[in-house]
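Down below is the structure, laid out as C-alpha cells.
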Amino acid sequence: MNESELSLRLIGVLPPSTDLNRLLSEVADIERRRGMPSRRRRGPPQEVDVWAVTLVKRDSWTGPMPDQAALSQAIDRLRQMAPQLASLDRTGLKAELYVSTIQDHEQGGFELPAEVIIVAGQARLDLVVSILD
C-alpha cells in the first residue's frame with residue numbers, strides 16, 4: 001500500500017506564527033523555530049524556521065490519488081491562501097507544496113490533478129517531493 005501526504009510549508013526566516021496564522025487564516029500543524037533543540041537527540045539546534053499546514057493527511061491518500069473530498073478541501077484551502085502566499089516577500093523564505101509519500105511496491109507513484117498545480121503556481125509555491133520506499 002502507498003501512503004502520501006500533501007502540505008504547505010514555509011521555511012527560512014519567517015514572521016511570527018501569529019502573523020502567519022492571521023495572514024493565511026490557518027494555524028500551523030508543524031511549527032519549529034530557529035535555535036530550538038533538535039528533534040533528534042544529539043542533533044544540532046533547529047537551523048531554520050518551519051511553519052507547515054497539512055492539506056491532505058495520509059489516511060486520505062492511500063492510492064495514486066487522494067480521496068476526492070480531501071482533495072477538494074485542499075484545493076479550496078490553497079485557493080483561499082494563494083493571494084497572500086503569492087504576496088509574501090521571498091527574501092530568506094521558501095514556500096513549498098510538499099508531497100511526502102511512502103511507496104511499498106515497485107510500481108508505486110502518485111498523481112496530482114492539474115487544478116492543484118495551477119493553484120500552487122498562483123500561490124508561487126515550489127513543488128517538493130519526498131519518497132520513501
Side-chain angles (χ1 to χ4, degrees):
M1 175 175 8
N2 300 333
E3 292 181 344
S4 301
E5 185 173 271
L6 182 67
S7 301
L8 163 66
R9 290 195 325 182
L10 302 177
I11 299 172
V13 179
L14 302 179
S17 294
T18 53
D19 293 353
L20 290 171
N21 296 346
R22 190 176 325 106
L23 176 70
L24 300 174
S25 299
E26 292 278 349
V27 176
D29 298 317
I30 298 170
E31 183 181 350
R32 304 284 301 159
R33 288 294 171 167
R34 196 174 44 253
M36 288 177 72
S38 174
R39 290 174 31 180
R40 290 182 239 134
R41 280 196 227 185
R42 296 190 179 125
Q46 179 75 24
E47 295 180 9
V48 295
D49 300 332
V50 177
W51 185 95
V53 173
T54 304
L55 300 169
V56 177
K57 295 180 180 183
R58 290 190 189 283
D59 62 357
S60 297
W61 194 351
T62 57
M65 288 275 286
D67 294 344
Q68 188 57 47
L71 182 61
S72 294
Q73 184 179 23
I75 291 168
D76 289 345
R77 289 170 71 191
L78 274 175
R79 190 175 287 123
Q80 289 174 358
M81 291 185 279
Q84 292 81 8
L85 288 166
S87 71
L88 286 175
D89 179 3
R90 301 301 166 99
T91 307
L93 178 149
K94 286 177 55 177
E96 304 172 338
L97 185 64
Y98 180 76
V99 178
S100 172
T101 186
I102 300 169
Q103 305 289 312
D104 70 352
H105 54 81
E106 200 170 296
Q107 298 298 317
F110 65 89
E111 301 173 24
L112 284 176
E115 192 169 4
V116 173
I117 297 165
I118 290 167
V119 174
Q122 292 168 344
R124 295 180 50 219
L125 300 177
D126 295 331
L127 178 62
V128 176
V129 178
S130 172
I131 301 172
L132 180 64
D133 49 53

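Here the structure is a predicted model, which means the values were calculated and not measured. When reading the values below, keep in mind they use all heavy atoms of this one structure, side chains included, and skip hydrogens, waters and symmetry mates. Sequential numbering from 1 along the given sequence is applied to the chain's residues.
- Side-chain contact check for Met36 versus Glu31: every heavy-atom pair is 4.5 Å or farther apart.
- In this structure, Val119 is not a member of the same hydrophobic cluster as Tyr98, with clusters built from ILVMFWY side-chain heavy atoms closer than 4.5 Å.
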**Item:** Test log, rule side-chain contact (heavy atoms from CB on, under 4.5 Å), inputs Leu10 and Leu85
**Value:** CA-CA 10 Å; Leu10 302 177; Leu85 288 166; 4.1 Å; yes
**Message:** The test is side-chain contact (heavy atoms from CB on, under 4.5 Å); show your working for Leu14 and Arg33 and say whether it passes.
**Reply:** CA-CA 9 Å; Leu14 302 179; Arg33 288 294 171 167; 3.8 Å; yes
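- Across Leu8 and Leu55, no two heavy atoms sit closer than the pair N-CD1, 4.0 Å.
- Of the possible donor and acceptor atoms, none in the side chain of Arg32 sits under 3.5 Å from a partner among the backbone N and O of Glu47.
- Rounding to the nearest 0.5 Å gives a distance of 10.5 Å between CG of Leu71 and CD of Gln73.
- Taking hydrophobic clusters as Ile, Leu, Val, Met, Phe, Trp and Tyr residues chained together by side-chain heavy-atom distances below 4.5 Å, Val129 shares a cluster with Val56.
- In this structure, Lys57 NZ and Ser7 OG are separated by 10.5 Å, a value rounded to the nearest 0.5 Å.
- Hydrophobic clustering of Ile, Leu, Val, Met, Phe, Trp and Tyr side chains at less than 4.5 Å, counting indirect connections, unites Val116 with Phe110.
- Counting all heavy atoms, side chain and backbone alike, Leu23 lies closest to Leu88 at CD2-CD2, 3.5 Å.
- Of the possible polar contacts, none joining the Ser72 side chain to the Ala69 backbone as a donor-acceptor pair under 3.5 Å is found.
- Rounded to the nearest 0.5 Å, atoms OG1 (Thr54) and CD1 (Ile30) are 5.5 Å apart.
- Rounded to the nearest 0.5 angstrom, Ile118 CD1 and Arg79 CZ are separated by 9.0 Å.
- When the side chains of ILVMFWY residues are joined at heavy-atom separations under 4.5 Å, either directly or via intervening members, Val99 and Met81 end up in a single hydrophobic cluster.
- Residues Thr101 and Ser4 share a closest heavy-atom pair of OG1-OG, 2.7 Å.
- Gln84 and Leu24 make their closest contact through CB-CD2, 3.7 Å (heavy atoms, listed as atom of the first residue, atom of the second, distance).
- Side-chain N or O atoms of Arg124 include none that pairs as donor or acceptor with a backbone N or O of Arg90 at under 3.5 Å.
- The same ILVMFWY cluster, assembled from side-chain heavy atoms under 4.5 Å apart, contains both Ile131 and Leu6.
- Under the 4.5 Å side-chain criterion, counting only non-hydrogen atoms from C-beta, Val48 is not in contact with Lys94.
- Nearest heavy atom pair, residue Leu112 against residue Leu127, reads CD1-CD1, 4.3 Å.
- In plain terms, the two heavy atoms of Leu125 and Glu96 that are nearest each other are CD2-N, 4.0 Å.
- Leu78 is not listed as a side-chain neighbour of Gln122, based on a closest heavy-atom distance of 4.5 Å or more.
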